[in-house]
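Structure record follows, encoded as structure tokens.
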2 protein chains.
Amino acid sequence: MLRDDTMEMRTDIRASVQRLRQRTLVTEVRDELERMILNGEIRSGERLNEASLADQLGVSRSPVREAARSLEREGLVRTVANKGVFVRDLSLEEAAELYDLRAMIAGYLCGLAAKHADADAKTELGTFIARMDEAAACGDEQAYFGLNLEFHDYIATISGAGRAVALYSSLGKEVRLMRLRVLSGAESLALSNTEHKRIVAAIERGDADAARAEGGQHHTNGKRRLLETL
Amino acid sequence: MLRDDTMEMRTDIRASVQRLRQRTLVTEVRDELERMILNGEIRSGERLNEASLADQLGVSRSPVREAARSLEREGLVRTVANKGVFVRDLSLEEAAELYDLRAMIAGYLCGLAAKHADADAKTELGTFIARMDEAAACGDEQAYFGLNLEFHDYIATISGAGRAVALYSSLGKEVRLMRLRVLSGAESLALSNTEHKRIVAAIERGDADAARAEGGQHHTNGKRRLLETL
DNA sequence: CAGCAGAATAATGTTGACAATCTACAATCC
DNA sequence: GGATTGTAGATTGTCAACATTATTCTGCTG
């Protein structure tokens with residue numbers, strides 16, 4: 001028992017060290033910039049002033065520069081030579097395309113999840129559904145929004161995919177650039193969760209094709225809701 | 001007539017300046033590194049030595065660092081803190097996943113191309129097919145390989161998509177990391193071009209659904225061929 | 001001789017300074 | 001008055017030096 005504990009601690013420490021060791025100023029700044037952009041603290045189209053940000057974050061310009069370049073990977077910014085990096089400004093067409101891409105990849109992930117989900121994963125998915133039902137009943141959009149993100153991330157995790165997961169997450173962030181809350185109103189939340197239930201049902205019975213279709217349809221519906229909002 | 005000529009020249013110069021203006025040491029180094037990686041001059045798993053590359057290219061480490069980070073966007077390298085950036089080493093599973101993703105996106109692009117292709121585009125597609133037929137008949141794998149890339153890039157262009165095109169191109173480069181020539185042998189080339197013809201036929205008759213299906217299938221067949229090779 | 005400290009070496013991370021470029025505004029000319 | 005040129009300030013691009021971290025080699029100890 002004692003040995004188990006110490007082993008547990010040791011692996012914990014090792015993991016923690018591993019994590020800390022991977023952190024560097026660039027990653028730190030990167031995360032902070034990403035947060036600022038997604039929170040709208042830096043608005044769409046705005047320039048990321050290297051000197052100002054470096055000063056603000058207490059580092060030199062180099063880490064800021066590299067972090068900004070790194071954000072390009074997620075499509076959060078675009079770089080113009082000799083002018084700077086700017087927070088991307090999504091047109092409606094671009095947003096619609098992002099939804100299409102996300103729908104395809106989400107379907108792919110749901111299909112894989114149906115193949116790979118074990119009993120624990122299925123239980124966890126059920127828990128997510130229940131919690132989102134609760135949030136929907138309370139009309140707590142904030143909570144539902146967070147749970148929704150976690151739910152889809154969880155499906156991505158159990159899919160066992162690599163690049164597709166990263167892509168899905170990246171496209172998700174890109175979409176959030178629009179800063180437009182599609183899910184609003186209790187009935188909208190409930191409807192969204194109905195679709196979640198269909199996805200989970202398909203995953204639970206291991207029906208990959210159905211899971212793929214439901215996952216894709218859920219995101220396509222999201223695109224339709226977005227377009228209807230405008 | 002004279003006026004037309006000078007106008008023509010002026011726009012040429014303007015475009016050229018515009019292009020040069022966007023070039024900077026970072027982009028220059030980035031392209032060179034990409035070339036080196038895709039040509040296998042830097043092998044999979046190998047580290048990109050900043051100082052050595054900087055020396056070799058006659059620049060300081062900063063542009064090399066940024067260029068290397070920029071290559072991360074295309075998944076050509078992975079960065080490990082305090083250890084460096086390494087050319088990605090694709091496992092078979094990862095490669096298969098890349099093929100799946102590419103198949104989905106290619107299908108998406110073919111579907112859009114079927115909707116947006118004008119008469120000129122259709123003619124151009126026909127030309128590609130003819131040229132690839134010729135290369136296949138001669139068994140010129142090198143030429144077929146290049147034409148194949150151009151053909152798919154052209155479809156991506158006429159699709160009118162934005163992010164999806166970039167993604168498709170990026171995944172294409174990633175796949176090339178394997179440095180495995182799937183297309184070999186005259187019959188293989190001819191078979192591949194048969195599939196191209198089905199795609200072009202669907203685009204020519206404006207059948208988006210069929211184009212999507214054919215485009216996806218073509219890439220899925222590529223994945224199958226890859227897996228059979230091993 | 002295996003294995004392990006510890007120094008030496010080499011690489012990356014970070015910084016501040018300088019060069020090149022862009023932007024905005026004022027002075028000039030027609 | 002309007003357009004154009006020139007100049008000053010701000011911003012990005014690049015560089016070389018220093019700090020920190022990883023790797024390798026060496027010599028010691030059992």
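Labels below follow one simple rule: chain letters A, B, ... track the order of the sequence lines, proteins then strands, and each chain is numbered from 1.
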Item to check | Phosphate contact (C:dT12 OP1 or OP2) by A:T24 side-chain N/O below 4.0 Å | outcome: no
Checklist entry - Tell me: CD of A:E66 to P of D:dG13, nearest whole Å? => result 13 Å
Next on the checklist: What is the distance, to the nearest angstrom, from the CZ atom on B:R78 to the C1' atom on C:dT12?
Outcome noted: 15 Å
Checklist entry - According to a strict under-4.0 Å criterion, is B:S62 in side-chain N/O contact with OP1 or OP2 of D:dT14? => result no
Checklist entry - Between A:R61 (CZ) and D:dG13 (C1'), how many Å, whole number? => result 7 Å
Next on the checklist: If you take any heavy atom closer than 4.0 Å to DNA chain C, which residues from residues 43-59 of chain B end up in contact?
Outcome noted: B:R47, B:L48, B:N49, B:E50
Checklist entry - In terms of the angle between their ring planes, are B:Y154 and B:F128 parallel, tilted or perpendicular, with boundaries placed at 30° and 60°? => result tilted
Next on the checklist: Looking at D:dG13, I'd like to know if its phosphate oxygens (OP1 or OP2) sit under 4.0 Å from a side-chain N or O belonging to A:K83.
Outcome noted: no
Donor-acceptor pairs under 3.5 angstrom involving side-chain atoms of residues 53-62 of chain B: please list them, not counting sequence neighbours.
unit_1	atom_1	unit_2	atom_2	d
B:S60	OG	B:S62	N	3.4
B:R61	NE	B:E50	OE1	3.1
B:R61	NH2	B:E50	OE1	3.0

Next on the checklist: Within the 4.5 Å heavy-atom criterion, are A:N221 and A:R224 side-chain neighbours or not?
Outcome noted: yes
Item to check | Polar contact flag, side-chain donor to acceptor under 3.5 angstrom, B:Y108-B:S159 | outcome: no
Checklist entry - What residue among B:E97, B:H152, B:H219 forms side-chain contact (heavy atoms from CB on, under 4.5 Å) with B:R102? => result B:H219
Next on the checklist: Rounded to whole Å, please give me the gap between CZ in A:R23 and P in C:dG13.
Outcome noted: 14 Å
Checklist entry - Using a cut-off of less than 4.0 Å, is there contact between a side-chain N or O of A:R65 and OP1 or OP2 of D:dG13? => result yes
Checklist entry - Relative to the ring of B:H218, is the ring of B:H196 parallel (under 30°), tilted (30 to 60°) or perpendicular (over 60°)? => result perpendicular
Checklist entry - Which nucleotide in the set D:dT21, D:dT14, D:dG13 lies at the smallest distance from any side-chain heavy atom of B:N82? => result D:dT21
